[in-house]
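Nothing here was measured: the structure is a model prediction, and the numbers come from that model. Letters A, B, ... mirror the listed sequences (proteins, then strands); counts begin at 1.
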Amino acid sequence: MMRELIEMYEYAFMRQALVVGVFGGGLLAFLGVFVHLRRIVFLGAALPQITALGIAAAAVLHLPALSGALAGGLAGILLLSFTGKPGHLPAEGWIGIAYATGGSLAIVLMAVSPHPDAGALRFFTGDILGTSRNEAVFAVIAALFTAVIFRLFWSQFVVSSFDPVMSATLGIRVRLWNALLFLCLGFGLAAVMNSAGSMLAFGMLIGPPAAALMLFRGFPAVIIATLIFGALAAFVGLTFSFWFDLPGGPAMATAALFPVFPAWLLHKFRA
Amino acid sequence: MSSSLFEFQNADLGYRGNLLLRDLSLSLAAGDFLGIVGPNGAGKSTLVKTMLGLLPLRGGRMGWRPERPLIGYVPQREQIDAIWPLRVCDTLRLTLSAMDRPRLRRKDHLEDIDRVMRATGIEALAHQTLSTLSGGEMQRLLLARALVVRPRVLFLDEPTAAMDLFSTERFMDLIAGLHRDEGLTVILVTHDLQSLAGRADTLGILSDGVLHHGPADEMLTSERLTRVYGCDVRVERQNGTCFIKAHAAGKDAPT
């Protein structure tokens, strides 16, 4: 079995897919802890769809898909940041509109694109095996950038997310830390969406942190467990997809969501 | 402006197109204990947010002298999300670390944390996570978090809401002790006029877009409260303790 595993990962496309899964997926899983705790999971569902729209727009304009993913992700974050303002429609309504518009318009754009790009359709099918070396490098850079930023400013990120009003009274720059958090989220989404599709992006964002939050009570344990679940999901999902000829992205997403159910049972049992 | 710590001069407060308080003038001295009461929607939160600089002034002038001091803020307990996997000591440590000022040494952090946990009586809870705290314990943690930064002014927004009578009294005694012993300037917003009696130096009552304010002893009279609230309010003093009762619709109703 070990020999088969080694042989499997001798292929460059497998290693690149694994790198995107571990680094890009791990990055989204880590940021997913904040997404859960800030209660913005719906936002996490809508953003991949808007990122998909960016990739589709890039295909129409004959631009690199990665630039579309980045532009889509960041534009989506900027647009959705206005949904918290008072208005006639609740924030969830706007997020739902963004979700539906992003997904549907992305398909329409791909259908009418004068530059057919079968590769760009990966954001729906989640075929991570087509990942290029550059995409893998981008995922590593995005993950390292986020790791450094959070290592340096961990307390600012936590305190400003936990209680923004109190933080503002102490002179903590809440908007700056929010912007940085969402910038990292935009990088993570671009890295994963472009290679493996919205299903893996959302699965990683939600599954590993949900399981960790149910299993552990302290922040360090939650973060470590989230990263382990995320990395394991990438490895197990990709390996199974190779052995059983499954689509890589959805296999990884399934593996990312799998720990949620035993964690929920354990959580219930302990309660 | 005079030498007071904080002043409103003919200030208009509220949101764009919806002024809640007009022509407000108020002066607060260092070391004062200002209690602010008023019914729902009277503008208590708007007043606090404006003083904290979270809402812009809509008219008039407002200022801290000589400059804005370090402010400790105790929010309403409901604003705190206990799903965060934070322990009591982490909450205090992270608050100190996150402040934009020259970083203190770790030893100083620990001393400050130890000091406020003792002052608020939460030493035994240091390693408990937020989700395991009772309402009263959470409120004392929020107070400790506000105090850990060594503020000169302490803002409390309805700190005793949904607390039982015993916890309310204990918490209010704690605040009064901090004000008395450490000279903290305290601004406390509450529904509960009774809890301020005998503790606040100055009392502000928000009613119909106006802040009626003055020394607490002068404000806490039957005549004054009846005029402000527009219903029959009786203030009785027994053995130095003040009791306030409002008569609404022909029935006694505790305030």
Checklist entry - With a 4.5 angstrom heavy-atom cut-off, which part of S167(A) approaches chain B: side chain, backbone, both or neither? => result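 Nothing of S167(A), per the 4.5 Å heavy-atom cut-off to chain B.
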Next on the checklist: Does any backbone or side-chain atom of V159(A) lie under 4.5 Å from a heavy atom of chain B? Answer side chain, backbone, both or neither.
Outcome noted: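 For V159(A), the contact with chain B is made by the side chain alone.
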Residues, nucleotides or ligands: over 12 heavy atoms within 6.0 Å of [X] [atom1]:
| X | atom1 | value |
| --- | --- | --- |
| R22(B) | CZ | no |
| R151(A) | CZ | no |
| F258(A) | CZ | no |
| R170(B) | CZ | no |
| R175(A) | CZ | no |

State the [atom1]-[atom2] distance between [X] and [Y], to the nearest 0.5 angstrom.
| X | Y | atom1 | atom2 | value |
| --- | --- | --- | --- | --- |
| M99(B) | S155(A) | CE | OG | 11.0 Å |
| I83(B) | L37(A) | CD1 | CG | 5.0 Å |
| L170(A) | Y73(B) | CG | OH | 11.5 Å |
| R145(B) | F162(A) | CZ | CZ | 5.5 Å |
| R217(A) | H127(B) | CZ | NE2 | 15.5 Å |

Item to check | Option in V33(A), V222(A), V158(A) with maximal non-hydrogen atom pairs under 4.5 Å from chain B | outcome: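 Ranked by contacts with chain B, first place is V158(A).
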Next on the checklist: Heavy-atom pairs under 4.5 Å with chain B - which of P220(A), A168(A), S161(A) has more of them than the others?
Outcome noted: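 Looking at each option in turn, the highest pair count goes to S161(A).
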Checklist entry - If you tally heavy-atom pairs under 4.5 Å against chain A, which of D81(B), T129(B), T132(B) wins? => result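 Ranked by heavy-atom pairs under 4.5 Å with chain A, first place is D81(B).
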By a 4.5 Å heavy-atom criterion (distance strictly below it), what part of [X] contacts chain A: side chain, backbone, both, or neither?
| X | result |
| --- | --- |
| T95(B) | both |
| L130(B) | side chain |
| L86(B) | both |

Next on the checklist: Give me the atom names and distance for the closest heavy-atom approach of A98(B) to I172(A).
Outcome noted: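 Heavy-atom minimum between the residues: O-CG1, 3.4 Å.
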Checklist entry - Looking only at heavy atoms, what is the nearest atom pair of R38(A) and W84(B), with distance? => result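 Smallest heavy-atom distance, with atoms named: CG-CZ2, 4.1 Å.
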Checklist entry - Side chains of Q156(A) and L94(B): closer than 4.5 Å at any heavy-atom pair? => result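 Answer no - side chains too far apart.
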Item to check | For chain A, which residues of residues 43-60 of chain B have heavy atoms nearer than 4.5 angstrom | outcome: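 Near chain A, by residue number: L52(B), L54(B).
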